[in-house]
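A short worksheet on the structure shown next.
We name chains A, B, ... by the order of the sequence lines, and we start the count at 1 in each one. Excluded from the calculations below are hydrogen atoms, water molecules and symmetry mates; all remaining heavy atoms, backbone and side chain alike, are included.
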Amino acid sequence: MRIATGIRRALPRLALAAAVTVFLGAAALAPEAAFAAEPVAAEGAKASAFAPAPTLTTADYPQIRGFNGRIAVWLAAQLHLWFAAFVLAVPIFVFIIEAIGMGTRDERYDRLAYEFIKVSITAYSLTAILGGLLLFFLVIFYPHLFQYLAGIFRESMIWYALLFFAESAILYLYYYGWHWLQGGFAKWVHLTLGLLLNAVGTTLMFLANAWVTFMMSPAGVDAAGVFSGNTWAAIHNALWNPINIHRVVANVAFGGSIVGAYAAYRFLSATTAEQKAQYDWMGYTANFIAISALLPLPFAGYYLTAEIYAYSQQMGITLMGGIFAWLFIIQAVLIGTLFLAANYYLWCGMGRSDGAVRYNRYVKYLAAGIIVAFLVWFTPHTLILTNEELKALGGPYHKILGPLGIMPAKNIAVNAMILFTTLSFLMYRRANKIPTVSWVNAGNATQAALFTAGLLNIFFLGVYHGYFTNTVYKVASSIPQVLTTLAIIVASTVIDTLMYRGAKEVAPLHWGRVSDRSQYALFLLAVAFTWLMGLMGYIRSSLRQHWHVTNVFRDASPDAFTPTLGYAANVVSLGAIIFMALVIFVFWVSQVSARHTTAVGYWKAEPAR
Amino acid sequence: MSHFLKVVAFSLLVIAFFTGFSFFGVPQIEPAPPPKEEAVERGAMTIEQFVALGKKIFDGKGACTLCHNPVGGRAPALERAGIAAVERMKDARYRGAAKSVEEYLYESLVKPSAYVVAGFGKAGTNDTESPMPDASAGSIRLSEAELRAVVAYLQDLSGVEVTVRIPTDAGATAKAQDKPAQRAPAKNAEELIAQFACTACHKIGAQAGGPIGPDLSRIGASRDAAYLRRAILEPNADVPKGFAPGVMPATYGEQLYARELEVLVAYLAALK
Amino acid sequence: MARRIPRLAQAVLTIVGIYGAFRLVFDVLLGQPIPSSLLTMYMFFVVAGVYMVFTFTEESTRELVAPIRALVEDPRRKPIRNVVFALTPLLAAWFTYAGLQPRIEAPVELRSIHPAPPSSVKMFGKRFDLLKLEKEEPKKFRQLVAEGAKVYVENCHFCHGDKLDGRGPYAEGLNPVPMSFQDVGTIAQLQESFLFWRIATGGPGLPADAAPWISSMPVWETFLSEEEIWKVILFLYDYTGHRPRLWSENADHSKH
C-alpha cells in the first residue's frame with residue numbers, strides 16, 4: 001500500500017487530535033500524571049537499574065510435551081482480542097443509541113441499547129478469563145520476555161489492573177442500573193456512566209496497545225534494550241497512536257457485526273411477528289453501525305501502514321513487498337466479501353416496504369459496479385502463471401491486468417465500492433417514500449451529477465496521477481480521492497434528507513418482513529470480520545519476524561520462524577471456531593436468565609397463614 | 001434447533017472457504033528462517049569474508065544500525081570513521097590510548113566515551129560521556145573476534161586499509177563446541193588405508209584384500225595419478241569391467257582432507 | 001408478447017455470457033489471456049454477484065429455485081432426475097481426475113518480480129546505501145543518455161529488445177522472458193537505486209528470502225563500469241518516458 005507514505009502528512013494531526021480527545025475524557029482516571037512525573041525522578045537515579053534485554057537460547061523457553069507454546073499464546077491472545085474488541089465496542093454504540101433515544105424520546109432506542117449491552121455483559125467475564133489465560137501462557141512459555149516487558153511497563157501494568165476494577169464497577173452499575181436510573185436527571189447520570197465506561201475501556205485498550213506496539217517499534221530503550229526509565233516514551237512509541245485509532249474503528253465495526261449475527265439468529269428462531277420485527281430492526285441497526293465503521297477503516301489502515309514505513313522502511317517493505325504481499329490478496333477477498341454481504345443485506349431489506357419494487361431494477365447495475373470494482377481490487381500484482389500462459393503473454397507482465405495490480409487501480413476500486421454501497425443505502429432509504437418537495441427533479445439531478453462527477457473525479461485522479469505522472473503524485477492523489485468520496489457521502493445524505501423531509505410513505509414499513517437468506521448475510525459479515533481480524537493480527541505480529549522486541553530482544557525459541565500463510569490460516573480458523581463456540585455459549589447464557597421454569601410440586605407448599 | 005445447525009454449518013463453510021483460499025488461492029511462500037549467529041572459523045577465512053562477517057554483526061547481532069543509521073541521527077554516521085579516527089586521536093578531547101586507526105576503532109567499541117563526537121554525548125554531560133554501550137559487554141557481548149570483524153568492516157567501509165588480522169584462536173574458541181569433532185589427519189598412506197578399511201574390498205600393494213573391488217596391488221603400472229584421484233572422488237565415473245557400479249562409496253571427497261587425498265594418490269600411483 | 005426466459009436460464013446465461021466475454025475480450029481481442037488461477041476467482045465472485053442479484057427478492061428467488069425444486073420433487077420428472085443424479089457424481093469424478101492427472105508441463109512457479117532490496121550492498125568493491133542512492137542530475141544529460149544508449153545496444157538489447165519491450169532476439173530462449181521496460185509496472189514503479197542494484201548484481205544478487213526467483217540476468221558489475229550502469233539507467237528512463245519512483249517531491253533530481 002504505497003499510498004501510505006503520502007497520506008502521512010494529513011493524518012497524524014487528525015489522529016492525534018482524536019486520540020487526545022479520547023484520552024482527555026479519561027484524564028480523571030488515566031495515569032497520565034504519573035507518566036509525566038515519573039521519568040524526571042527516574043532519569044538519573046534509576047538509569048542503571050534496568051537490565052538490558054537478555055540474550056536467550058532455546059533452553060530458556062520452557063517446553064511442555066505435546067503443547068505448542070507459541071500457538072497457545074497466539075490463540076489466547078487472539079481470543080482475548082476478539083472478546084475485548086467486542087466488549088469495548090458495544091458500549092460505544094450503546095452510548096450513542098441511548099443518547100439518540102434520549103434525544104428523540106423514542107423508547108424503542110432505549111430498549112435496543114439495553115438489548116445490546118445485555119449481549120456484551122456475559123462476554124465481559126470471558127474477556128477477563130482469556131486475558132488471564134494469555135498472561136499465564138506468556139509467563140509459562142515466555143518467562144524472560146514477560147519479565148523484560150514487566151520491567152519496563154511495571155507502572156502501567158499496575159494501573160491497568162486497577163483500572164479493571166473501575167471498568168467492572170462502572171459496567172455493572174451501567175447495566176444493572178439501567179431500569180433504575182430512568183427519567184430526567186437519573187437518565188443523565190446513566191448516560192454519564194456510559195461515557196465513563198467508554199473512557200475507562202478505551203484507556204485500558206490504549207495501555208495494552210502500548211505494550212504491543214512497544215514490541216513492534218520499541219522506544220525509550222537503548223540499542224541493548226536498557227530502559228531509560230521514561231515510561232511515557234515507551235508507551236508513546238511510533239506505532240501507538242496509529243494502532244489505537246485503527247483498533248477503535250475496527251472494534252466498532254466488529255462489535256456491530258457480532259451483534260448483527262446475534263440479532264439474525266434471534267430473528268431466525270423468533271416465533272412471533274413482534275419478535276421478528278424487533279430483531280429485524282436490531283439486525284438492521286447493527287449492520288448499519290458495522291458498515292459505517294467499515295467505510296473509514298481502510299483509511300485508518302493506510303495511516304497505520306504509513307507510520308510503519310516511517311518507523312522502518314525495512315518493516316514496511318516486509319509488510320507490503322515481501323512474503324506478506326499475498327496476505328493482502330486474501331484481505332481483499334475478505335473485505336470484498338464484507339461489502340458484498342452488506343449490500344446484499346440492504347437489497348434484501350427493500351422487501352420490507354411495498355414501494356421498493358420501483359427500485360428493484362437498479363440493483364443489477366449496482367451489483368455490476370460493485371463486482372467490477374471488487375475484481376479489480378483483488379487482482380494481484382504478481383500473477384500466478386503456468387508456463388503456457390507465460391509464453392502466451394510473452395512475459396510475467398499482463399498488459400491489462402498488470403496496471404490493475406498496482407495501487408492507483410486499487411484506490412479507484414475501493415472508493416468506487418464505497419460509493420456504490422452508499423448508493424445502495426440511499427436507495428434503501430428512498431424505497432418506501434415519495435418526496436413531496438417541489439424541487440424533486442432538481443434534487444435528483446443534483447445527486448446524479450454529484451455521483452457521476454465524483455466517480456469521474458476519482459477515476460481521473462487515479463488514472464492520470466497513477467499512470468501518467470511520477471510516483472509522488474500517485475501517492476498524493478489518494479487523498480483527494482478519499483476527500484471526494486467523503487464529500488459525496490456527506491452531500492448526498494444531506495440532499496436526500498432535505499428532499500425526503502415530510503415525504504409520503506407508499507405503505508407502512510414492515511419490520512420483520514425480510515427473507516431468512518438476508519440474515520445469513522449478517523452471519524457472513526460476522527464470520528468474515530472475525531476471520532479478517534485474526535488474519536491481520538497474524539501479520540501485525542509477524543512483522544517483528546524473529547524478534548520479541550524489534551531489533552532489541554531476539555526470539556531464540558524454536559518457534560521463532562515466521563509461519564506461512566496456510567499455517568496462519570489454520571490457526572486463525574481454529575481460533576475463529578473456538579470464538580464462535582464461546583460466543584454461542586455467551587448468547588445462549590444471556591437467554592437463560594429470561595427463562596423461568598415452574599417446577600410444580602417441587603417446593604413444599606407455602607404454609608397457610 | 002435446525003436454524004442453529006444451519007447457522008453453524010454456514011459459518012463453518014465460510015471459514016473453510018477462507019482457509020481454502022489461503023491455501024490454494026495464493027502461493028505458499030516459505031519465509032526465510034531466522035538468521036544464525038556467526039561463527040569464526042579457524043584460518044578458513046579470507047579478509048573479504050571477515051569484512052562481510054563484520055557487516056553482518058554490524059547489521060545484526062551488534063545492533064549497531066539501531067543508532068548508527070542515516071535516519072535516526074542518534075549516533076554519528078560511520079562512513080568516514082576510519083578517516084576521522086586520525087584527526088580524532090589528535091583532538092584535545094581525546095582521552096584514549098590508541099595509536100593507530102585499528103586501535104582507535106577497537107577502543108571506540110569497548111570504551112565509547114574515550115572520544116565523543118560533538119553533539120552525540122549523553123544529555124547533560126557536555127559530550128564527555130557517550131550513550132553507546134560497551135559492545136563487548138551487556139546484551140550485545142561481542143567476542144574478541146567479532147569485535148575485530150566489526151573493526152575490519154568499519155575500515156573497509158570508510159575506505160582505509162584493512163589492517164585487522166583475522167584472529168586464529170579467539171573467535172574459534174567461542175564457537176568450538178558447536179562444531180562437530182574433527183578427525184585428526186592420518187600421518188601416512190598406510191594409516192589412512194587402515195583407517196578407511198580400503199582392504200575390505202581392494203588388494204593394495206602387498207596387503208591382502210577382498211575381491212569386491214579391483215586389485216590395486218600394482219595399480220600404478222596401468223593408471224596415472226589423475227585417473228586415481230578421480231576414481232576416489234567419483235568412483236562411478238569409470239567402473240572397470242566386471243565390477244558393479246555404485247558399490248564404492250562416493251563420499252570420500254568429503255571425508256578426506258585434501259592433503260590426505262594427495263598422499264593416497266601418490267602412494268597408489270607408486271605401486272608398480 | 002414473447003415468452004420471457006425463465007430466471008434460472010437467465011442466471012446461467014448471464015454467468016456463461018460473462019465468462020465468454022472474459023474469454024473473448026482477453027484471449028481473442030487483446031491476446032492477453034487471464035491466468036486460469038485468477039479467472040477461477042473472478043468467476044467465483046461473478047457467480048456470487050449473479051446469485052445476489054437474482055435472489056434479493058422473494059419472487060425472483062422462488063422463480064429461480066422452482067425448476068430445481070421441480071426436478072427433485074416432481075414425480076413426472078423422474079427420468080430426467082435419474083439422469084441428472086447419475087451424471088452429477090460422474091462429472092465431479094471427471095473434474096477430480098482431470099485436476100489430479102499428472103501433466104507434462106512444469107509446475108507453476110511463482111517468483112517475486114520486485115523482491116525487497118537489501119538496505120545496502122557491496123558493488124564495485126564499495127558499499128552503496130540503497131535507501132539513499134541517487135545519481136545527481138547530470139549536466140550533459142543528452143550526451144550521457146546517448147552514451148547509455150550505446151551501452152544498452154552493445155549489452156542489453158539482445159534480451160531486452162531494441163524497443164526496450166523485452167523482446168530481443170534471445171528473449172524467446174529465456175523463461176521467464178526478459179523484463180519489458182515499456183510496461184508501467186516495471187521501472188516506473190522503482191527507484192534508480194533498485195535498478196542499479198539489479199543490474200550490478202544480477203540474478204545471483206537476489207536475496208534468498210525473496211525466493212523462489214529465477215533470473216538469468218548476468219552480474220553486470222563484472223562487465224560494465226559504475227558510470228556505464230548509471231548511463232544505461234538514464235537511457236532506460238529517458239527512452240521509455242517513465243520517471244523513477246520518488247519517496248518525496250523535494251527529492252526530485254531527475255527533472256530534465
What one should report as the nearest heavy-atom pair of B:H3 and A:Y520 is O-OH, 4.4 Å

Give the intermediate values and the outcome of side-chain contact (heavy atoms from CB on, under 4.5 Å) for residues A:L532 and B:F18.
CA-CA 9 Å; A:L532 180 58; B:F18 293 148; over 6 Å; no

CD/A:Q275: more than 12 non-hydrogen atoms of other groups inside 6.0 Å:
yes

Working to the nearest 0.5 Å, report the span between CG of A:L574 and OG1 of B:T19.
10.0 Å

Would one find more than 12 heavy atoms of other residues, nucleotides or ligands at under 6.0 Å from atom CZ of B:F10?
yes

Under 4.5 Å heavy-atom distance to chain B, tell me which part of A:V333 shows up: side chain, backbone, both or neither.
side chain

Out of A:I584, A:I329, A:I330, A:L334, return the one with the most heavy atom pairs under 4.5 angstrom to chain B.
A:I330

Engaged part of B:F21 at the chain A interface, taking heavy atoms whose separation is under 4.5 Å:
side chain

So which part of A:L535 gets closer than 4.5 Å to some heavy atom of chain B, the side chain, the backbone, both or neither?
neither

Looking at A:W531, A:F561, A:W547, which makes the most heavy-atom pairs under 4.5 Å with chain B?
A:W531

Identify which part of A:D516 has an atom lying under 4.5 Å from any heavy atom of chain B, answering side chain, backbone, both or neither.
side chain

Yes or no on side-chain contact (heavy atoms from CB on, under 4.5 Å) for A:L268 and B:F4, after CA distance, side-chain angles and deciding distance?
CA-CA 9 Å; A:L268 290 179; B:F4 177 75; over 6 Å; no

To the nearest 0.5 Å, atom CD1 of B:I15 lies from atom CZ of A:F579 at 10.5 Å

Which atoms of A:A528 approach chain B - backbone, side chain, both or neither, heavy atom under 4.5 Å:
both

Please look at A:T337 and chain B and tell me whether the side chain, the backbone, both or neither of the residue comes under 4.5 angstrom of a heavy atom of that chain.
side chain

